[in-house]
2 protein chains.
Amino acid sequence: MDNRSVKALRRVDLARATGCNLETIRYYETVGIMPDPPRTAKGYRSYDDIHVKRLKFVMRSRDLGFSLEEIRGLLGLVDDRSQTCAQVQTVAETHLEDVQAKIADLTRIERVLSETVARCTGDAAPECAVIDALLEG
Amino acid sequence: MDNRSVKALRRVDLARATGCNLETIRYYETVGIMPDPPRTAKGYRSYDDIHVKRLKFVMRSRDLGFSLEEIRGLLGLVDDRSQTCAQVQTVAETHLEDVQAKIADLTRIERVLSETVARCTGDAAPECAVIDALLEG
DNA sequence: CCTTGAGCCTGTATCAACTACAGACCGTAG
DNA sequence: CTACGGTCTGTAGTTGATACAGGCTCAAGG
(Lines give C-alpha, C1' and ligand atoms only; values in the text may rest on other atoms or scores of the structure.)
Protein backbone atom coordinates (compact mmCIF):
# COMPACT_ATOMS: atom_id res chain seq x y z
CA MET A 1 0.00 0.00 0.00
CA ASP A 2 1.34 3.35 -1.07
CA ASN A 3 1.22 5.85 1.74
CA ARG A 4 3.85 8.22 0.52
CA SER A 5 1.33 11.03 0.73
CA VAL A 6 1.06 10.77 4.50
CA LYS A 7 4.73 10.15 5.19
CA ALA A 8 6.06 12.27 8.05
CA LEU A 9 8.45 14.95 6.84
CA ARG A 10 11.33 16.47 8.70
CA ARG A 11 11.92 20.19 8.62
CA VAL A 12 14.55 19.91 5.94
CA ASP A 13 12.13 17.89 3.80
CA LEU A 14 9.51 20.58 4.12
CA ALA A 15 12.11 23.17 3.16
CA ARG A 16 13.06 21.15 0.08
CA ALA A 17 9.46 20.44 -0.89
CA THR A 18 8.59 24.13 -0.84
CA GLY A 19 11.87 25.89 -1.54
CA CYS A 20 11.44 27.79 1.71
CA ASN A 21 14.45 28.57 3.86
CA LEU A 22 14.79 26.31 6.88
CA GLU A 23 14.93 29.12 9.40
CA THR A 24 12.01 30.88 7.78
CA ILE A 25 9.81 27.90 8.57
CA ARG A 26 10.60 28.20 12.25
CA TYR A 27 10.05 31.93 12.03
CA TYR A 28 6.59 31.36 10.56
CA GLU A 29 5.84 28.99 13.43
CA THR A 30 6.90 31.44 16.10
CA VAL A 31 4.79 34.22 14.57
CA GLY A 32 1.81 31.89 14.15
CA ILE A 33 1.63 31.84 10.35
CA MET A 34 2.41 28.14 10.37
CA PRO A 35 1.00 25.92 13.13
CA ASP A 36 3.30 24.32 15.65
CA PRO A 37 3.70 20.88 14.10
CA PRO A 38 3.29 17.68 16.08
CA ARG A 39 6.49 16.39 17.62
CA THR A 40 8.00 12.94 17.72
CA ALA A 41 8.82 11.32 21.06
CA LYS A 42 12.25 12.97 20.86
CA GLY A 43 10.75 16.40 20.23
CA TYR A 44 11.48 16.57 16.50
CA ARG A 45 9.00 18.46 14.34
CA SER A 46 6.96 16.22 12.11
CA TYR A 47 5.25 17.64 9.04
CA ASP A 48 2.94 16.29 6.39
CA ASP A 49 1.12 17.34 3.24
CA ILE A 50 -1.08 19.91 4.92
CA HIS A 51 2.00 21.79 6.01
CA VAL A 52 3.43 21.67 2.51
CA LYS A 53 0.18 23.05 1.10
CA ARG A 54 -0.09 25.78 3.69
CA LEU A 55 3.50 26.87 3.36
CA LYS A 56 3.17 27.01 -0.41
CA PHE A 57 0.09 29.16 0.05
CA VAL A 58 2.08 31.50 2.28
CA MET A 59 4.98 31.63 -0.14
CA ARG A 60 2.77 32.38 -3.12
CA SER A 61 1.06 35.11 -1.13
CA ARG A 62 4.38 36.64 -0.06
CA ASP A 63 5.47 36.45 -3.68
CA LEU A 64 2.44 38.55 -4.58
CA GLY A 65 3.52 41.03 -1.94
CA PHE A 66 0.93 40.31 0.76
CA SER A 67 2.26 41.16 4.22
CA LEU A 68 2.33 38.47 6.89
CA GLU A 69 -0.53 40.33 8.54
CA GLU A 70 -2.60 40.09 5.37
CA ILE A 71 -1.67 36.45 4.96
CA ARG A 72 -2.76 35.79 8.51
CA GLY A 73 -6.12 37.22 7.49
CA LEU A 74 -6.33 35.14 4.34
CA LEU A 75 -5.41 31.98 6.23
CA GLY A 76 -8.10 32.71 8.77
CA LEU A 77 -10.60 32.91 5.93
CA VAL A 78 -9.31 29.66 4.46
CA ASP A 79 -9.57 27.90 7.81
CA ASP A 80 -13.03 29.20 8.61
CA ARG A 81 -14.81 29.05 5.28
CA SER A 82 -17.95 31.10 5.67
CA GLN A 83 -18.66 34.17 3.57
CA THR A 84 -15.18 33.69 2.26
CA CYS A 85 -15.35 35.13 -1.23
CA ALA A 86 -16.51 38.66 -0.44
CA GLN A 87 -14.00 39.04 2.38
CA VAL A 88 -11.11 37.71 0.36
CA GLN A 89 -12.05 40.05 -2.43
CA THR A 90 -11.80 42.99 -0.04
CA VAL A 91 -8.34 41.99 1.17
CA ALA A 92 -7.11 41.36 -2.34
CA GLU A 93 -8.52 44.59 -3.73
CA THR A 94 -6.99 46.64 -0.93
CA HIS A 95 -3.68 45.00 -1.61
CA LEU A 96 -4.06 45.57 -5.33
CA GLU A 97 -4.55 49.27 -4.64
CA ASP A 98 -1.40 49.30 -2.50
CA VAL A 99 0.54 47.69 -5.30
CA GLN A 100 -0.80 50.17 -7.84
CA ALA A 101 0.13 53.06 -5.55
CA LYS A 102 3.65 51.69 -5.21
CA ILE A 103 3.96 51.38 -8.98
CA ALA A 104 2.83 54.98 -9.36
CA ASP A 105 5.40 56.14 -6.80
CA LEU A 106 8.21 54.22 -8.41
CA THR A 107 7.23 55.41 -11.85
CA ARG A 108 7.47 59.00 -10.67
CA ILE A 109 10.87 58.26 -9.15
CA GLU A 110 11.96 56.57 -12.35
CA ARG A 111 10.98 59.61 -14.39
CA VAL A 112 12.80 62.11 -12.16
CA LEU A 113 15.83 59.89 -11.90
CA SER A 114 16.19 59.19 -15.60
CA GLU A 115 15.65 62.83 -16.51
CA THR A 116 18.34 63.82 -14.07
CA VAL A 117 20.78 61.16 -15.13
CA ALA A 118 20.22 62.19 -18.75
CA ARG A 119 21.53 65.66 -17.89
CA CYS A 120 24.70 64.08 -16.52
CA THR A 121 27.72 64.60 -18.69
CA GLY A 122 29.45 61.63 -17.09
CA ASP A 123 32.84 63.22 -17.41
CA ALA A 124 35.54 63.73 -14.82
CA ALA A 125 34.33 67.19 -13.81
CA PRO A 126 33.25 68.07 -10.28
CA GLU A 127 29.99 69.61 -11.53
CA CYS A 128 27.15 67.14 -11.63
CA ALA A 129 23.54 67.60 -12.60
CA VAL A 130 22.39 64.89 -10.21
CA ILE A 131 24.05 66.50 -7.21
CA ASP A 132 22.76 69.90 -8.25
CA ALA A 133 19.23 68.55 -8.51
CA LEU A 134 19.49 67.02 -5.06
CA LEU A 135 21.05 70.14 -3.55
CA GLU A 136 18.65 72.62 -5.09
CA GLY A 137 15.57 70.38 -5.33
CA MET B 1 21.62 93.88 10.86
CA ASP B 2 19.79 90.86 9.62
CA ASN B 3 21.57 87.67 10.58
CA ARG B 4 18.63 85.31 10.38
CA SER B 5 20.61 83.12 8.00
CA VAL B 6 23.21 82.25 10.61
CA LYS B 7 20.86 82.02 13.57
CA ALA B 8 21.43 78.92 15.67
CA LEU B 9 18.60 76.42 15.34
CA ARG B 10 17.38 73.97 17.90
CA ARG B 11 16.55 70.45 16.91
CA VAL B 12 12.86 71.19 16.70
CA ASP B 13 13.58 74.13 14.38
CA LEU B 14 15.60 71.92 12.08
CA ALA B 15 12.75 69.43 12.10
CA ARG B 16 10.27 72.15 11.19
CA ALA B 17 12.52 73.68 8.55
CA THR B 18 12.91 70.36 6.76
CA GLY B 19 9.76 68.43 7.66
CA CYS B 20 11.96 65.67 9.04
CA ASN B 21 10.92 63.77 12.14
CA LEU B 22 12.72 64.85 15.27
CA GLU B 23 13.93 61.38 16.16
CA THR B 24 15.06 60.73 12.62
CA ILE B 25 17.51 63.61 12.88
CA ARG B 26 19.17 62.00 15.87
CA TYR B 27 19.15 58.68 14.08
CA TYR B 28 20.95 60.23 11.10
CA GLU B 29 23.53 61.62 13.50
CA THR B 30 24.16 58.30 15.20
CA VAL B 31 24.60 56.53 11.85
CA GLY B 32 26.82 59.29 10.51
CA ILE B 33 24.58 60.59 7.73
CA MET B 34 24.35 63.92 9.51
CA PRO B 35 27.35 65.33 11.41
CA ASP B 36 27.28 65.67 15.17
CA PRO B 37 26.30 69.32 15.53
CA PRO B 38 28.11 71.73 17.83
CA ARG B 39 26.69 71.95 21.33
CA THR B 40 25.82 74.90 23.52
CA ALA B 41 27.38 75.21 26.96
CA LYS B 42 24.45 73.21 28.33
CA GLY B 43 24.95 70.43 25.81
CA TYR B 44 22.08 71.37 23.51
CA ARG B 45 22.51 70.69 19.80
CA SER B 46 22.92 73.81 17.73
CA TYR B 47 22.22 73.73 13.98
CA ASP B 48 22.51 76.20 11.15
CA ASP B 49 21.88 76.51 7.43
CA ILE B 50 24.41 73.90 6.39
CA HIS B 51 22.51 71.33 8.40
CA VAL B 52 19.23 72.39 6.82
CA LYS B 53 20.75 72.03 3.35
CA ARG B 54 22.33 68.68 4.05
CA LEU B 55 19.22 67.24 5.64
CA LYS B 56 17.12 68.39 2.71
CA PHE B 57 19.57 66.67 0.40
CA VAL B 58 19.21 63.48 2.39
CA MET B 59 15.43 63.71 2.39
CA ARG B 60 15.19 64.32 -1.34
CA SER B 61 17.49 61.38 -1.93
CA ARG B 62 15.45 59.14 0.36
CA ASP B 63 12.36 60.31 -1.45
CA LEU B 64 13.92 59.12 -4.70
CA GLY B 65 14.49 55.76 -3.04
CA PHE B 66 18.24 55.91 -2.45
CA SER B 67 19.28 53.82 0.54
CA LEU B 68 21.21 55.42 3.38
CA GLU B 69 24.26 53.54 2.13
CA GLU B 70 23.87 55.11 -1.30
CA ILE B 71 23.28 58.52 0.26
CA ARG B 72 26.41 58.12 2.32
CA GLY B 73 28.23 57.58 -0.95
CA LEU B 74 26.63 60.60 -2.60
CA LEU B 75 27.42 62.80 0.40
CA GLY B 76 31.01 61.65 0.29
CA LEU B 77 31.16 62.77 -3.33
CA VAL B 78 29.57 66.11 -2.48
CA ASP B 79 32.04 66.70 0.34
CA ASP B 80 35.09 65.70 -1.67
CA ARG B 81 34.37 67.14 -5.09
CA SER B 82 36.84 65.54 -7.45
CA GLN B 83 35.78 63.41 -10.40
CA THR B 84 32.29 63.79 -9.04
CA CYS B 85 30.12 63.58 -12.10
CA ALA B 86 31.15 60.19 -13.46
CA GLN B 87 30.91 58.57 -10.03
CA VAL B 88 27.54 60.10 -9.26
CA GLN B 89 26.29 58.94 -12.62
CA THR B 90 27.28 55.38 -11.78
CA VAL B 91 25.45 55.44 -8.44
CA ALA B 92 22.36 57.02 -9.97
CA GLU B 93 22.26 54.63 -12.92
CA THR B 94 22.59 51.59 -10.69
CA HIS B 95 19.78 52.91 -8.56
CA LEU B 96 17.69 53.65 -11.64
CA GLU B 97 18.08 50.02 -12.69
CA ASP B 98 16.96 48.88 -9.24
CA VAL B 99 13.89 51.06 -9.49
CA GLN B 100 13.07 49.74 -12.94
CA ALA B 101 13.43 46.17 -11.73
CA LYS B 102 11.07 46.89 -8.83
CA ILE B 103 8.53 48.39 -11.21
CA ALA B 104 8.73 45.28 -13.38
CA ASP B 105 8.17 43.03 -10.33
CA LEU B 106 5.24 45.04 -9.11
CA THR B 107 3.71 45.17 -12.57
CA ARG B 108 3.80 41.38 -12.76
CA ILE B 109 2.18 41.20 -9.33
CA GLU B 110 -0.41 43.72 -10.36
CA ARG B 111 -1.31 41.69 -13.45
CA VAL B 112 -1.66 38.40 -11.55
CA LEU B 113 -3.56 40.04 -8.76
CA SER B 114 -6.04 41.90 -10.92
CA GLU B 115 -6.65 38.85 -13.12
CA THR B 116 -7.36 36.83 -10.02
CA VAL B 117 -9.58 39.40 -8.38
CA ALA B 118 -11.51 39.72 -11.65
CA ARG B 119 -12.48 36.05 -11.39
CA CYS B 120 -13.88 36.73 -7.92
CA THR B 121 -17.66 36.64 -7.74
CA GLY B 122 -17.55 38.67 -4.55
CA ASP B 123 -20.63 36.96 -3.21
CA ALA B 124 -21.25 35.31 0.14
CA ALA B 125 -20.11 31.88 -1.02
CA PRO B 126 -17.24 29.98 0.53
CA GLU B 127 -15.68 29.32 -2.88
CA CYS B 128 -13.24 31.98 -3.92
CA ALA B 129 -11.10 32.27 -7.01
CA VAL B 130 -8.37 34.11 -5.14
CA ILE B 131 -8.03 31.43 -2.51
CA ASP B 132 -8.13 28.73 -5.17
CA ALA B 133 -5.38 30.45 -7.09
CA LEU B 134 -3.24 30.70 -3.98
CA LEU B 135 -3.95 27.12 -2.98
CA GLU B 136 -3.40 25.55 -6.38
CA GLY B 137 -0.92 28.09 -7.83
C1' DC C 1 30.72 -0.98 18.62
C1' DC C 2 32.30 3.43 17.25
C1' DT C 3 32.76 7.34 14.54
C1' DT C 4 31.24 10.67 11.32
C1' DG C 5 28.18 13.68 9.30
C1' DA C 6 23.85 15.37 8.78
C1' DG C 7 20.10 16.87 10.90
C1' DC C 8 17.52 18.47 15.03
C1' DC C 9 16.71 21.62 19.12
C1' DT C 10 16.62 26.37 21.49
C1' DG C 11 17.84 31.02 22.08
C1' DT C 12 19.75 35.09 20.61
C1' DA C 13 21.82 38.58 17.35
C1' DT C 14 21.74 40.94 13.03
C1' DC C 15 19.92 43.71 9.00
C1' DA C 16 17.29 48.51 7.21
C1' DA C 17 15.33 52.70 8.49
C1' DC C 18 13.05 54.39 11.55
C1' DT C 19 9.77 55.36 15.56
C1' DA C 20 8.63 55.75 20.27
C1' DC C 21 9.03 55.89 24.96
C1' DA C 22 11.12 56.40 29.65
C1' DG C 23 13.23 59.24 32.97
C1' DA C 24 15.69 63.19 33.92
C1' DC C 25 16.89 67.95 33.23
C1' DC C 26 16.34 72.98 31.75
C1' DG C 27 14.36 77.57 30.62
C1' DT C 28 10.89 80.83 30.24
C1' DA C 29 6.10 82.93 30.66
C1' DG C 30 2.33 83.88 33.44
C1' DC D 1 6.13 79.16 41.72
C1' DT D 2 4.59 76.19 38.73
C1' DA D 3 3.32 74.62 34.38
C1' DC D 4 4.70 73.70 29.82
C1' DG D 5 7.46 72.75 26.27
C1' DG D 6 11.70 71.83 25.00
C1' DT D 7 16.30 69.11 25.61
C1' DC D 8 19.18 65.05 26.78
C1' DT D 9 20.39 59.89 26.82
C1' DG D 10 19.49 55.12 26.28
C1' DT D 11 16.82 51.47 24.92
C1' DA D 12 13.00 48.77 22.81
C1' DG D 13 9.83 47.85 19.10
C1' DT D 14 8.69 47.46 14.08
C1' DT D 15 8.78 43.86 9.53
C1' DG D 16 10.42 39.75 7.51
C1' DA D 17 13.48 37.28 7.69
C1' DT D 18 18.56 35.22 8.20
C1' DA D 19 22.46 33.42 10.78
C1' DC D 20 24.99 31.56 14.30
C1' DA D 21 26.18 29.27 18.78
C1' DG D 22 26.12 25.28 21.53
C1' DG D 23 24.33 21.01 22.31
C1' DC D 24 21.57 16.69 21.21
C1' DT D 25 20.24 12.60 18.18
C1' DC D 26 20.08 9.45 14.50
C1' DA D 27 21.44 6.41 10.70
C1' DA D 28 25.03 4.55 7.85
C1' DG D 29 29.70 2.80 7.12
C1' DG D 30 33.83 0.58 8.72
Side-chain angles (χ1 to χ4, degrees), chain A residues 7-34 36-48 51 54-75 95 98-99 102 105 109, chain B residues 7-34 36-48 51 54-55 57-75 95 98-99 102 105-106 109:
Chain A
K7 184 173 62 190
L9 302 170
R10 289 169 306 163
R11 197 151 63 114
V12 70
D13 297 325
L14 179 59
R16 275 180 203 138
T18 57
C20 187
N21 183 298
L22 214 62
E23 306 276 14
T24 303
I25 296 171
R26 183 158 71 103
Y27 173 71
Y28 285 161
E29 285 161 13
T30 66
V31 300
I33 287 285
M34 291 291 287
D36 266 352
R39 303 293 183 112
T40 66
K42 286 287 172 192
Y44 286 18
R45 289 173 180 79
S46 173
Y47 300 95
D48 61 29
H51 298 98
R54 195 180 183 91
L55 184 50
K56 280 187 175 170
F57 179 100
V58 172
M59 291 174 73
R60 269 191 293 269
S61 303
R62 285 293 297 136
D63 201 48
L64 288 180
F66 286 98
S67 71
L68 291 186
E69 249 337 279
E70 289 169 325
I71 294 171
R72 218 186 296 275
L74 291 173
L75 286 168
H95 180 56
D98 289 353
V99 170
K102 258 179 215 154
D105 273 4
I109 288 169
Chain B
K7 185 175 57 192
L9 303 170
R10 289 170 306 165
R11 198 151 63 115
V12 70
D13 297 323
L14 180 58
R16 274 178 205 139
T18 56
C20 186
N21 185 299
L22 213 63
E23 306 277 13
T24 305
I25 296 171
R26 186 158 69 103
Y27 173 70
Y28 285 161
E29 286 162 11
T30 66
V31 299
I33 287 285
M34 290 292 287
D36 267 353
R39 302 295 181 111
T40 66
K42 286 285 171 196
Y44 288 16
R45 290 172 180 82
S46 173
Y47 301 95
D48 60 29
H51 298 98
R54 196 181 181 91
L55 184 50
F57 179 100
V58 172
M59 291 176 72
R60 271 191 293 269
S61 304
R62 287 292 299 134
D63 201 50
L64 289 179
F66 286 98
S67 70
L68 291 187
E69 251 335 280
E70 288 169 324
I71 293 172
R72 218 186 294 277
L74 291 174
L75 285 169
H95 179 56
D98 289 354
V99 170
K102 258 179 215 153
D105 273 4
L106 285 171
I109 289 171

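Here the structure is a predicted model, which means the values were calculated and not measured.
Summarising the geometry of B:Met59 relative to B:Cys20, their closest heavy-atom pair is SD-CB, 3.5 Å, with the distance given to 0.1 Å. Considering every non-hydrogen atom in both A:Ser46 and A:Thr40, the closest pair reads CB-CG2, 4.3 Å. What you find for A:Lys102 and B:Leu106 is that their closest heavy atoms are CB-CD1, 3.8 Å. The two atoms that bring B:Ile109 and A:Gly65 nearest to each other are CD1-N, 4.4 Å, heavy atoms only. B:Ile71 approaches B:Ile33 most closely through the heavy-atom pair CG2-CD1, 4.3 Å.
The structure places CG of A:Leu55 at 5.0 Å from CG of A:Leu14, a figure rounded to the nearest 0.5 Å. Of the inter-residue distances, the one linking B:Arg72 atom CZ with B:Ser61 atom OG reads 13.0 Å to the nearest 0.5 angstrom. Once rounded to the nearest 0.5 Å, the distance linking CD of A:Glu69 with CG of A:Leu74 reads 11.0 Å. Expressed to the nearest 0.5 Å, how far CG of A:Leu64 lies from CZ of A:Arg60 amounts to 9.5 Å.
For the contact set between residues 64-75 of chain B and DNA chain C, defined by any heavy atom under 4.0 Å, the members are B:Ser67, B:Leu68. For the segment residues 27-34 of chain B, the set of residues with a heavy atom within less than 4.0 Å of an atom of DNA chain C comprises B:Tyr27, B:Tyr28, in numerical order.
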Could you pull out the protein-nucleic contacts involving nucleotides 26-29 of chain C (nitrogen or oxygen on both sides, under 3.5 Å)?
residue: C:dC26; atom: O4'; partner: B:Tyr44; partner atom: OH; Å: 3.3

List, with names and distances, any nitrogen or oxygen atoms from the protein found under 3.5 Å away from nitrogen or oxygen atoms belonging to nucleotides 10-13 of chain C.
residue: C:dT10; atom: OP1; partner: A:Arg39; partner atom: NH1; Å: 3.4
residue: C:dT10; atom: OP1; partner: A:Arg39; partner atom: NH2; Å: 3.4
residue: C:dT10; atom: OP2; partner: A:Arg45; partner atom: NH1; Å: 3.1
residue: C:dT10; atom: OP2; partner: A:Arg45; partner atom: NH2; Å: 2.7
residue: C:dG11; atom: N7; partner: A:Arg26; partner atom: NH1; Å: 3.2
residue: C:dG11; atom: N7; partner: A:Arg26; partner atom: NH2; Å: 3.1
residue: C:dG11; atom: O6; partner: A:Arg26; partner atom: NH2; Å: 2.4

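In this view, B:Asp105 satisfies the salt bridge (charged side-chain N to carboxylate O under 4.0 Å, His left out) rule with no residue, not counting sequence neighbours. In this structure B:Asp63 satisfies the salt bridge (charged side-chain N to carboxylate O under 4.0 Å, His left out) test together with A:Arg108, sequence neighbours excluded. Among residues two or more places apart in sequence or in another chain, the side chain to side chain donor-acceptor pair (under 3.5 Å) test is passed with A:Arg16 by none. B:Arg62 is linked by a salt bridge (charged side-chain N to carboxylate O under 4.0 Å, His left out) to nothing, counting only residues two or more places apart in sequence or in another chain. Looking at residues two or more places apart in sequence or on another chain, you find no side chain to side chain donor-acceptor pair (under 3.5 Å) involving A:His95.
Rounded to 10°, the angle separating the first-five-pair axis and the last-five-pair axis of the helix from C:dC1-D:dG30 to C:dG30-D:dC1 equals 30°.
Here the P atom of nucleotide C:dA6 and the CG atom of A:Leu22 are 14 Å apart, to the nearest Å. Rounded to whole angstrom, the span from the CG atom of A:Leu9 across to the C1' atom of C:dC8 amounts to 15 Å.
Among pairs with a residue in residues 22-34 of chain A, those fulfilling side chain to side chain donor-acceptor pair (under 3.5 Å) read A:Glu29-A:Arg45, A:Glu29-A:Tyr47, at least two apart in sequence or across chains.
Close approach of DNA chain D to chain B, defined as any atom under 4.0 Å from a non-hydrogen atom of the protein, starts and stops at D:dG6 to D:dT11.
Within the 4.5 Å cutoff, side-chain heavy atoms of B:Leu75 are placed close to those of B:Arg54.
Formation of a donor-acceptor pair under 3.5 Å by the B:Arg11 side chain with backbone atoms of B:Leu22 is found in this model.
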